[in-house]
Novice: 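Could you have a look at this structure, given as structure tokens, before my questions?
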Amino acid sequence: MIDTAVIGAGPAGCAAAIALARAGREVLLLERQAAARESVCGEFLGADAAAALRGLGLDPAALGGLPLRRARVGWGRHEAGFALPFAAWALPRQMLDGAMRVAAMAAGAEFRAGVAVLAAEPDAAGWRLRTGAGEVLARRVVLATGKHALRGHPRAGAQRGALGLKLHLQGVEPGDAVTLLPFAGGYAGLQPLPGGGANLCAALQGGAGATARDAGAFLAHIAGGSALGARLLAGARPAWDRPLAVAGLPYGFRQGTAGPPGLYRVGDQAAVIPSFAGEGIALALHSGLAAAAAILAEREAAEFHAAWRRRSAGPMRWAALGAWVLRQAPGGFALGARLAPAARLVARRTRMAA
Ligand SMILES: Cc1cc2nc3c(=O)[nH]c(=O)nc-3n(C[C@H](O)[C@H](O)[C@H](O)COP(=O)(O)OP(=O)(O)OC[C@H]3O[C@@H](n4cnc5c(N)ncnc54)[C@H](O)[C@@H]3O)c2cc1C
């Protein structure tokens with residue numbers, strides 16, 4: 001019987017594992033991937049995520065992140081740009097997740113990679129986990145499986161809607177800017193990769209057809225949405241034949257207060273913020289830290305979920321508004337001259353209070 005089992009070693013699970021292990025708790029961190037790898041993410045890291053990482057002893061620049069100083073938006077023939085009102089980085093998830101797993105082990109957590117948790121059931125003393133490599137008994141569980149629900153523990157009320165796509169590109173140099181590109185059916189984010197080239201990531205509503213299956217079709221779809229997109233992507237050479245994809249993203253989901261005792265949901269299992277805000281990693285990190293604090297203070301899962309619901313409400317609302325505005329742009333919605341101040345406002349309001 002171990003004290004806490006953490007299922008999933010993304011930013012949320014790793015943050016919880018590091019904080020609990022540093023406080024002297026026995027922690028087992030279980031991750032189904034054998035090693036950190038590419039995942040569908042825009043990889044924009046804002047100031048709140050950086051603050052949480054620094055608290056864990058990890059610095060975005062030292063991890064290889066590129067500083068981002070500007071934001072641009074292109075819609076139809078129009079475009080607007082503004083200086084980001086906070087420090088931000090382009091940091092590939094493979095680098096971030098890998099560094100956080102190493103930090104969890106250094107803090108004293110036991111890390112088992114390549115072990116998928118197949119089921120988690122309550123029993124008299126806590127939780128019984130069935131994994132591909134035998135059973136684990138734990139007093140409590142931190143559920144940090146991200147986009148993927150653990151069998152038997154669906155996110156109640158989650159609307160399975162959007163499709164996420166990601167493609168690495170050569171021949172595109174976005175400089176120190178993150179660029180938002182609305183197009184018919186969704187919007188994309190483009191930003192530099194530390195080794196050169198760019199990461200193009202998109203959230204689409206509804207069916208994607210060939211866009212999801214073919215890198216060329218994906219690029220053409222986004223380039224068709226704006227003059228800025230067409231210009232930036234003109235010389236793009238896709239690094240993969242088809243984009244990485246993740247389906248059924250329940251944007252706007254927030255965990256209620258109900259749920260079994262001893263099961264703490266964090267990251268995308270607690271709330272799924274629309275991708276426009278670039279705050280998913282910050283929410284994941286801060287929720288992992290908040291769950292660890294609740295466990296250390298002997299606060300029950302329901303109390304933690306209620307507190308997290310309140311804390312994430314503002315950023316979730318503002319991000320939903322920003323995403324809605326972006327989705328209207330290809331239909332001729334007048335983003336106009338007020339876009340830059342409005343985007344700065346949304347960028348400020350989606351920050352997580354530390
Ligand atoms: C299209 C798109 C673009 C985005 N862009 C950004 C952005 O630019 N900036 C930003 O901050 N956020 C962004 N996000 C959001 C961000 O990616 C997520 O919010 C964040 O990854 C959530 O972290 P997490 O730790 O909860 O989950 P994840 O990062 O998904 O990690 C979950 C981990 O659990 C593991 N796992 C799953 N099931 C099991 C199991 N049964 N057993 C063991 N292990 C398991 C997985 O392998 C994975 O390693 C974006 C999301 C999408 C979809």
Side-chain angles (χ1 to χ4, degrees), residues 5-17 28-50 52 68 88-94 96-98 100-101 112-120 129-133 136 141-153 161-167 178 180 186-191 199-204 243-251 253 265-288 291 312 315 319 323 350 352:
V6 180
I7 309 177
C14 286
L28 175 61
L29 177 59
L30 297 161
E31 167 56 49
R32 68 180 180 180
Q33 297 169 353
R37 60 176 190 210
E38 295 292 345
S39 60
V40 177
C41 185
E43 304 181 336
F44 174 93
L45 203 80
D48 296 327
L68 295 173
W89 290 264
L91 178 60
R93 287 294 301 275
Q94 213 171 350
L96 174 64
D97 292 4
M100 291 199 77
R101 292 169 191 183
R112 289 192 205 154
V115 177
V117 176
L118 307 173
L129 308 186
R130 194 156 51 80
T131 81
V136 170
V141 168
V142 174
L143 188 61
T145 54
K147 296 149 193 85
H148 310 280
L150 184 62
R151 193 179 305 153
H153 299 279
L163 173 73
L165 298 174
K166 162 170 154 171
L167 186 63
V178 56
L180 290 168
Y187 51 85
L190 180 81
Q191 62 177 38
N199 181 27
L200 180 67
C201 191
L204 286 87
L244 288 183
V246 58
L249 298 167
Y251 284 136
F253 164 76
R265 287 180 184 263
V266 295
D268 280 359
Q269 285 293 310
V272 183
I273 193 164
S275 298
F276 162 75
E279 268 302 78
I281 298 169
L283 257 78
L285 293 167
H286 284 281
S287 63
S312 57
T350 45
M352 289 300 304

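In each ligand, atom 1 is the first atom listed, and ligand 1 is the first ligand listed.
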Novice: Is Lys147 reaching over with its side chain to a backbone N or O of Leu249, donor-acceptor style, under 3.5 angstrom?
Specialist: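 Between the backbone of Leu249 and the side chain of Lys147 there is no qualifying donor-acceptor contact (under 3.5 Å).
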
Novice: Give the contacting part of Leu165 toward ligand 1: side chain, backbone, both or neither, where contact means a heavy-atom distance below 4.0 Å.
Specialist: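 Contact part for Leu165 vs ligand 1: neither.
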
Novice: Has ligand 1 got any nitrogen or oxygen that is less than 3.5 angstrom from a nitrogen or oxygen of Ala12?
Specialist: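 Right, the criterion is met.
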
Novice: Could you tell me, atom by atom, which parts of ligand 1 come under 4.0 Å of a heavy atom of Val115?
Specialist: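 The atoms of ligand 1 under 4.0 Å from a heavy atom of Val115 are 43 (C).
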
Novice: Without swapping roles, check the side chain of Asn199 against the backbone of Cys41 for a donor-acceptor pair under 3.5 Å.
Specialist: yes

Novice: Looking only at heavy atoms, which two atoms of Ile273 and Pro315 are closest? And how far apart?
Specialist: CD1-O, 3.7 Å

Novice: Val266 and Ala291: which non-hydrogen atoms are nearest, and at how many Å?
Specialist: CG1-CB, 3.5 Å

Novice: At a 4.0 Å threshold, what atoms of ligand 1 neighbour a non-hydrogen atom of Arg101?
Specialist: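 It comes down to these atoms of ligand 1: 49 (O).
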
Novice: Mark up the atoms of ligand 1 that fall under 4.0 Å of a heavy atom belonging to Gly8, in ascending order.
Specialist: 33 (C), 34 (O), 35 (C), 44 (N)

Novice: Show the nearest heavy-atom pair for residues Gly10 and Arg101, with the distance to one decimal.
Specialist: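 Smallest interatomic distance, heavy atoms only, reads N-NH2, 4.5 Å.
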
Novice: Give the numbers and elements of all ligand 1 atoms closer than 4.0 Å to a heavy atom of Gly146.
Specialist: 26 (O), 27 (O), 28 (P), 30 (O), 32 (C)

Novice: Going by the closest heavy atom to atom 7 (C) of ligand 1, which one wins out of Glu31, His153, Glu43?
Specialist: Glu43

Novice: Name the option, out of Val266, Val117, Leu30, that contains the heavy atom nearest to atom 41 (N) of ligand 1.
Specialist: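 Considering heavy atoms of Val266, Val117, Leu30, the nearest to atom 41 (N) of ligand 1 sits in Val117.
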
Novice: Can you give me the closest heavy-atom contact between Leu129 and Ala120, atom names plus distance?
Specialist: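 Result for this residue pair: CD2-CB, 3.4 Å.
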
Novice: Would one find an N or O of His148, backbone or side chain, under 3.5 Å from an N or O of ligand 1?
Specialist: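 The answer is no, given that His148 and ligand 1 share no N or O pair closer than 3.5 Å.
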
Novice: To check you understand the geometry: which heavy-atom pair defines the closest contact between Gly98 and Ala36, and what is its length?
Specialist: N-CB, 3.7 Å

Novice: Checking contacts here: is it the side chain or the backbone of Pro11 that comes within 4.0 Å of ligand 1, counting heavy atoms only? Could be both or neither.
Specialist: both

Novice: Heavy-atom distances under 4.0 Å decide this one: backbone, side chain, both or neither, for Lys166 against ligand 1?
Specialist: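 The answer is neither.
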
Novice: Taking only heavy atoms of Leu150, which atoms of ligand 1 are found under 4.0 Å from at least one of them?
Specialist: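 Once the distances to Leu150 are compared, the set is 41 (N).
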
Novice: List the residues meeting side chain to side chain donor-acceptor pair (under 3.5 Å) with Gln191, not counting sequence neighbours, and say none if there are none.
Specialist: none

Novice: Between Cys14 and ligand 1, which part of the residue brings a heavy atom under 4.0 Å of the ligand: side chain, backbone, both or neither?
Specialist: neither

Novice: Is it the side chain, the backbone, both or neither of Asp97 that has a heavy atom closer than 4.0 Å to ligand 1?
Specialist: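 Within the 4.0 Å criterion, Asp97 makes no contact with ligand 1.
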
Novice: Is there at least one pair of N or O atoms, one from Ala202 and one from ligand 1, spaced under 3.5 Å apart?
Specialist: no

Novice: Ignoring hydrogens, just give me the one of Ala162, Gly42, Gly267 whose non-hydrogen atom is nearest atom 4 (C) of ligand 1.
Specialist: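 Looking at heavy atoms only, the winner is Gly42.
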
Novice: May I ask you to list the atoms of ligand 1 that are less than 4.0 angstrom from any heavy atom of Arg93?
Specialist: 17 (O), 20 (C), 21 (O), 29 (O)

Novice: Using a 4.0 Å cutoff against the non-hydrogen atoms of Ala116, which atoms of ligand 1 qualify?
Specialist: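 Once the distances to Ala116 are compared, the set is 42 (N).
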
Novice: Backbone, side chain, both or neither: what part of Ala144 comes under 4.0 angstrom of ligand 1, heavy atoms only?
Specialist: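 It is the backbone that touches ligand 1; the side chain stays farther off.
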
Novice: Counting N and O atoms only, with roles assigned by atom type, does the side chain of Gln269 sit under 3.5 Å from a partner on the main chain of Thr145, one being a donor and the other an acceptor?
Specialist: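 Not confirmed, Gln269 side chain does not pair with Thr145 backbone.
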
Novice: At under 4.0 Å between heavy atoms, is it the side chain or the backbone of Cys41 that contacts ligand 1, or both, or neither?
Specialist: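 Within the 4.0 Å criterion, Cys41 contacts ligand 1 through backbone and side-chain atoms alike.
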
Novice: Going by the atom numbers of ligand 1, which of them fall below 4.0 Å from some non-hydrogen atom of Ile281?
Specialist: 10 (C), 11 (O), 12 (N)

Novice: Look only at interatomic distance and state if Arg32 has a nitrogen or oxygen under 3.5 Å from any nitrogen or oxygen of ligand 1.
Specialist: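 Between Arg32 and ligand 1 (N or O atoms, distance only) the closest approach is under 3.5 Å.
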
